[in-house]
Amino acid sequence: MAMPLSTYPTSTPDSPSAARRPVGVLGTGSYLPARIVGNDEVAAKAGVDAEWILRKTGIGARRYAAADEATSDLAARAGKAALEDAGVDPATLDCIIVATSTPDHPQPATAAIVQHRIGADGVPAFDVNAVCTGFLFALAAAWRLVADGGRALVIGADIYSRIINPADRRTAVLFGDGAGAVVLGPVPEGRGITAAALRTHGAHHEMINVPAGGSRYPSRLRGADDEAHYFAMDGRAVRAFVTEQLPLSVKEAVEEARTTADDIRHFVPHQANGQMLDEIQPSLGLVNAASHRTVAEYGNTGSASVPVTLDRANRSGALKDGDQVLLSGFGGGMSIGSAVLRWSRG
């Protein structure tokens, strides 16, 4: 079994890692497109009614990007908001990581475009694709990359409205577009990220996919309207996967953080489906944690959903200095991850 990131040694007397410092969130930001798409509009195309969507998903609306907006546009705006909140000059960043499964182009990396747009010339920038768990994977990578005192901009951004089949009621009713971001950097002792437990169960990779557009099924061999370009999901199998794996992921992260579920004060989950979260949360043991949700207003925004929701919680004043916050994501691959941090702002 692969060793979780947080269990690797972080300091030995003779290693460079002995200089590692606590890394936490210095600022948060988000951007949601202006266009609000209500259930009536989605329902008409998907062959269901608005009440059915609300009852099955807990979603009342979602945002769709404008025709001239790409993922990098959303990501750059969220990133700028996080940098402003942190009081960090983009030119002083040590890395930029964009988590997305809907990049601007197959190449270059969307992060390179974001780097240019925020004025961070020369800063290393790259993408991570773990689908809806992408932000957690990017956060864990950045945590290690700047553990010597640097700063990182970590963004989750997706435009799912471009890859959803509007006639597929299993997916069209769930997804919206958005971007969320955090700036990571040095925080006081006793604060910051304390665990990141990540897993990928590749045997189940076909549960969620977009078949066409890569090297196995190149787009040029298929018509532009071929359904293989649409996002596809086995909803029942995904729900069963999350029901089984999310409690294990939460338990792993909490144990690695050397804390208890009772001590977690805030839970920020991937906003996949409000009804599913209601059903699963009691099995997580987070009896003292406030569950933060944006799914009703924004739907499932992919890798953006965790940082968008964290930004909402931060700006509302809900997160107090010293509070323990649990972030959890799950998505295609099948990937799953949880992170624990002790809040150092507020």
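Model, not experiment: these values are computed from the prediction.
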Does [X] use its side chain to pair, donor to acceptor, with the backbone of [Y] at less than 3.5 Å?
X: Ser344; Y: Gly192; result: no
X: Arg62; Y: Val37; result: yes
X: Ser305; Y: Gln271; result: yes
X: Thr28; Y: Ala82; result: no
X: Arg342; Y: Gly322; result: yes
X: Gln245; Y: Thr243; result: no
X: Thr133; Y: Ser335; result: yes
X: Asp311; Y: Val308; result: no
X: Asp127; Y: Ala111; result: yes

From [X] [atom1] over to [Y] [atom2], what is the distance, rounded to the nearest 0.5 angstrom?
X: Arg162; Y: Phe175; atom1: CZ; atom2: CZ; value: 16.0 Å
X: Arg151; Y: Leu184; atom1: CZ; atom2: CG; value: 11.0 Å
X: Ile118; Y: Arg77; atom1: CD1; atom2: CZ; value: 14.5 Å
X: Thr260; Y: Glu255; atom1: OG1; atom2: CD; value: 11.0 Å
X: Asp104; Y: Ile113; atom1: CG; atom2: CD1; value: 4.0 Å

Between [Y] and [X], is there a side-chain heavy-atom distance shorter than 4.5 Å?
X: Asp94; Y: Leu145; value: no
X: Ile280; Y: Ser283; value: yes
X: Val287; Y: Asp262; value: yes
X: Val250; Y: Ser328; value: yes
X: Ser338; Y: Glu252; value: no
X: Met233; Y: Asp168; value: no
X: Arg239; Y: Gln275; value: yes
X: Asp177; Y: Thr102; value: no

Hey, any chance [X] and [Y] share a hydrophobic cluster, counting ILVMFWY side chains that come within less than 4.5 Å of each other, even indirectly?
X: Val242; Y: Val254; result: yes
X: Tyr64; Y: Leu74; result: no
X: Val23; Y: Leu26; result: no
X: Ile163; Y: Leu174; result: yes
X: Val306; Y: Leu326; result: no

Using a strict cut-off of less than 4.0 Å between a Lys/Arg side-chain nitrogen and an Asp/Glu carboxylate oxygen, indicate whether [X] and [Y] qualify as a salt bridge.
X: Lys80; Y: Glu84; result: no
X: Glu69; Y: Arg63; result: no
X: Arg35; Y: Glu41; result: yes
X: Arg293; Y: Asp278; result: yes
X: Asp321; Y: Arg191; result: yes

Count the heavy atoms of every other residue, nucleotide or ligand shown that sit under 6.0 Å from [atom1] of [X], and state whether that count exceeds 12.
X: Gln107; atom1: CD; value: no
X: Arg55; atom1: CZ; value: yes
X: His201; atom1: NE2; value: yes
X: Glu279; atom1: CD; value: yes

Discussion item. Assess the residue pair Arg21 and Asp148 against the criterion (side-chain contact (heavy atoms from CB on, under 4.5 Å)); give the C-alpha distance rounded to whole Å, side-chain angles, the decisive distance to 0.1 Å, and a yes or no.
Written reply: CA-CA 6 Å; Arg21 299 171 58 183; Asp148 60 352; over 6 Å; no
Discussion item. In terms of relative ring orientation, are His204 and Phe241 parallel, tilted or perpendicular, with 30° and 60° separating the classes?
Written reply: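 Rings of His204 and Phe241: perpendicular, over 60°.
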Which atoms form the tightest heavy-atom contact between [X] and [Y], and what is the distance?
X: Gln115; Y: Gly122; value: NE2-N, 3.3 Å
X: Pro90; Y: Val123; value: O-CG2, 4.0 Å
X: Cys132; Y: Asn300; value: SG-OD1, 4.2 Å
X: Leu319; Y: Val325; value: CD2-CG2, 4.3 Å
X: Val173; Y: Ile59; value: O-CD1, 3.9 Å
X: Ala253; Y: Ala339; value: CB-N, 4.5 Å

Discussion item. Using side-chain hydrogen bond (donor to acceptor under 3.5 Å, both in side chains), reason through Asn273 and Thr57 one step at a time and then give a plain yes or no.
Written reply: CA-CA 5 Å; Asn273 178 314; Thr57 70; 5.5 Å; no
Discussion item. Between Glu297 and Leu32, does the side-chain contact (heavy atoms from CB on, under 4.5 Å) criterion hold? Intermediate values first, please.
Written reply: CA-CA 10 Å; Glu297 302 102 311; Leu32 285 306; over 6 Å; no
Does a side chain donor of either [X] or [Y] reach within less than 3.5 Å of an acceptor in the other side chain?
X: Tyr160; Y: Ser101; result: yes
X: Thr294; Y: Thr309; result: yes
X: Thr92; Y: Asp89; result: no

Worksheet entry | Asn129/Phe137 under side-chain contact (heavy atoms from CB on, under 4.5 Å): CA gap, chis, key distance, verdict | CA-CA 9 Å; Asn129 180 0; Phe137 278 64; over 6 Å; no
Item to complete: Test side-chain contact (heavy atoms from CB on, under 4.5 Å) on His266 and His292 and set out the steps.
Response: CA-CA 7 Å; His266 303 276; His292 296 275; 2.9 Å; yes
Worksheet item: Who are the side-chain hydrogen bond (donor to acceptor under 3.5 Å, both in side chains) partners of Asn165, not counting sequence neighbours?
Response: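 Once residues adjacent in sequence are excluded, Asn165 has no partner under the side-chain hydrogen bond (donor to acceptor under 3.5 Å, both in side chains) criterion.
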